[in-house]
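All values below were derived from every heavy atom in this structure, side-chain atoms included, with hydrogens, water molecules and symmetry-related copies excluded. Numbers here are sequence positions counted from 1.
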Amino acid sequence: MAIILASKSPFRAALLKNAGVSFTAQPAHIDERAAEAPLYESGATPDDVALVLAEAKALDVSERNPEALVIGSDQTLSLGDAVLHKPENLEAARRQLLQLSGKTHHLNSAVVLAKNGNTLWRHVSVARMTLRDLDPGFIGRYLSRAGAAALQSVGAYQFEGEGVQLFEKVDGDYFTIVGLPLLPLLVELRHEGAIDG
């Protein structure tokens with residue numbers, strides 16, 4: 001059975017590849033910000049938003065590849081009632097890190113499987129992330145070293161690299177943090193007969 005990852009994320013692709021899953025990647029064509037705006041207006045939680053966006057991505061690619069098993073994923077970052085997105089530039093990244101400094105936020109990572117334009121399975125995992133108190137000068141030096149890579153992750157950090165130094169405590173698994181709850185996904189791929197097991 002062909003497996004398609006409905007994402008252009010090199011990090012999600014690396015997780016699947018490292019797990020020995022044979023797949024191709026094909027990004028979905030959806031406007032995430034436009035899709036999530038009405039969700040927040042209706043009182044949806046960050047978990048709900050991550051699931052809806054992951055499902056929209058999976059279904060979009062599934063409709064174009066009906067016989068394939070499509071993996072859609074998305075992640076939201078919630079700090080209290082606020083939801084943060086990937087920063088648009090390094091100044092926005094600096095502001096985000098200052099906002100997160102010394103606080104605990106949640107990464108809500110959703111994954112969905114679809115086939116023939118139908119949803120087969122949905123899951124969300126949550127990681128609690130606590131940044132240490134960050135000195136503004138350190139944030140500037142960190143962003144100078146990280147450069148554009150800091151703009152690729154919600155929260156303006158790259159946990160899989162030097163960004164791990166920003167943290168004091170983490171409750172949750174690595175895969176959830178990177179944006180693809182891999183262990184439950186592998187269970188479901190085995191259940192669907194898509195991988196050996």
Side-chain angles (χ1 to χ4, degrees), residues 1-19 21-78 83-88 105-127 149 151-156 158-160 172-195:
M1 182 183 308
I3 299 173
I4 300 174
L5 174 64
S7 174
K8 60 183 176 185
S9 165
F11 308 110
R12 290 181 177 121
L15 290 178
L16 282 176
K17 181 180 177 188
N18 291 342
V21 176
S22 178
F23 69 98
T24 57
Q26 186 179 128
H29 304 303
I30 65 166
D31 182 340
E32 294 181 40
R33 298 296 80 85
E36 72 182 7
L39 296 173
Y40 288 121
E41 291 169 11
S42 70
T45 67
D47 285 13
D48 295 334
V49 173
L51 276 169
V52 168
L53 292 176
E55 189 167 18
K57 292 175 182 180
L59 292 174
D60 176 74
V61 173
S62 179
E63 288 168 3
R64 288 182 270 130
N65 302 272
E67 295 303 315
L69 190 59
V70 179
I71 302 167
S73 57
D74 201 85
Q75 185 180 64
T76 58
L77 184 159
S78 52
V83 175
L84 305 183
H85 298 98
K86 291 179 184 176
E88 295 181 2
H105 65 272
H106 294 91
L107 288 178
N108 315 284
S109 293
V111 60
V112 171
L113 285 178
K115 186 174 181 184
N116 296 316
N118 295 304
T119 300
L120 302 178
W121 174 78
R122 302 169 55 170
H123 176 83
V124 64
S125 293
V126 180
L151 308 181
Q152 295 178 12
S153 66
V154 63
Q158 296 240 286
F159 187 81
E160 59 278 7
D173 67 70
Y174 177 78
F175 309 114
T176 295
I177 295 165
V178 175
L180 184 67
L182 188 61
L183 297 179
L185 173 60
L186 292 174
V187 169
E188 196 59 27
L189 289 174
R190 284 191 291 271
H191 176 77
E192 292 293 332
I195 60 173

Colleague: Looking only at non-hydrogen atoms, find the nearest pair between L69 and M1 and report the distance.
Modeller: CB-SD, 3.6 Å

Colleague: Of all the heavy-atom pairs spanning Q152 and Q158, show the shortest one and how long it is.
Modeller: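 Closest approach of Q152 to Q158: CB-NE2, 3.9 Å.
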
Colleague: Nearest 0.5 angstrom please: N118 CG to L113 CG, how far?
Modeller: 12.5 Å

Colleague: For a side chain to side chain contact (heavy atoms under 4.5 Å, CB included) check, start with the C-alpha distance between D48 and L39, then their side-chain angles and the critical distance, and finish with the verdict.
Modeller: CA-CA 8 Å; D48 295 334; L39 296 173; over 6 Å; no

Colleague: Would you give me the side-chain donor-acceptor pairs under 3.5 Å for residues 30-37, sequence neighbours excluded?
Modeller:
from : atom 1 : to  : atom 2 : distance (Å)
D31  : OD1    : R33 : N      : 3.3
D31  : OD1    : A34 : N      : 3.2
E32  : OE2    : K57 : NZ     : 3.4
R33  : NE     : E36 : OE2    : 2.8
R33  : NE     : H85 : NE2    : 3.4
E36  : OE2    : H85 : NE2    : 2.4

Colleague: T176 and S125: which non-hydrogen atoms are nearest, and at how many Å?
Modeller: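 T176 and S125 have their closest heavy atoms at OG1-CB, 3.2 Å.
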
Colleague: Side chain to side chain donor-acceptor pair (under 3.5 Å), that's the test. Do N108 and Q75 meet it? Break it down for me.
Modeller: CA-CA 5 Å; N108 315 284; Q75 185 180 64; over 6 Å; no

Colleague: What's the shortest heavy-atom distance between A28 and R64, and which atoms?
Modeller: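 In this case the closest contact between A28 and R64 is CA-NH2, 3.9 Å.
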
Colleague: What heavy-atom pair brings L51 and H123 nearest, and what distance separates the two atoms?
Modeller: CD2-O, 3.5 Å

Colleague: Any idea which heavy atoms bring G172 and I177 closest together, and the distance?
Modeller: O-CD1, 4.3 Å

Colleague: Name the residue from V52, V112, V111, L53 that meets the side-chain contact (heavy atoms from CB on, under 4.5 Å) definition with D74.
Modeller: L53

Colleague: Which donor-acceptor pairs under 3.5 Å do side chains of residues 2-17 form with protein atoms, sequence neighbours excluded?
Modeller:
from : atom 1 : to   : atom 2 : distance (Å)
S7   : OG     : S9   : N      : 2.9
S9   : OG     : F11  : N      : 3.2
S9   : OG     : R12  : N      : 3.1
R12  : NE     : S73  : OG     : 2.9
R12  : NE     : G179 : O      : 2.8
R12  : NH2    : G179 : O      : 3.4

Colleague: Using the side chain to side chain contact (heavy atoms under 4.5 Å, CB included) rule, take L151 and E88 through it: C-alpha gap first, then chi angles, then the decisive distance, then the call.
Modeller: CA-CA 7 Å; L151 308 181; E88 295 181 2; over 6 Å; no

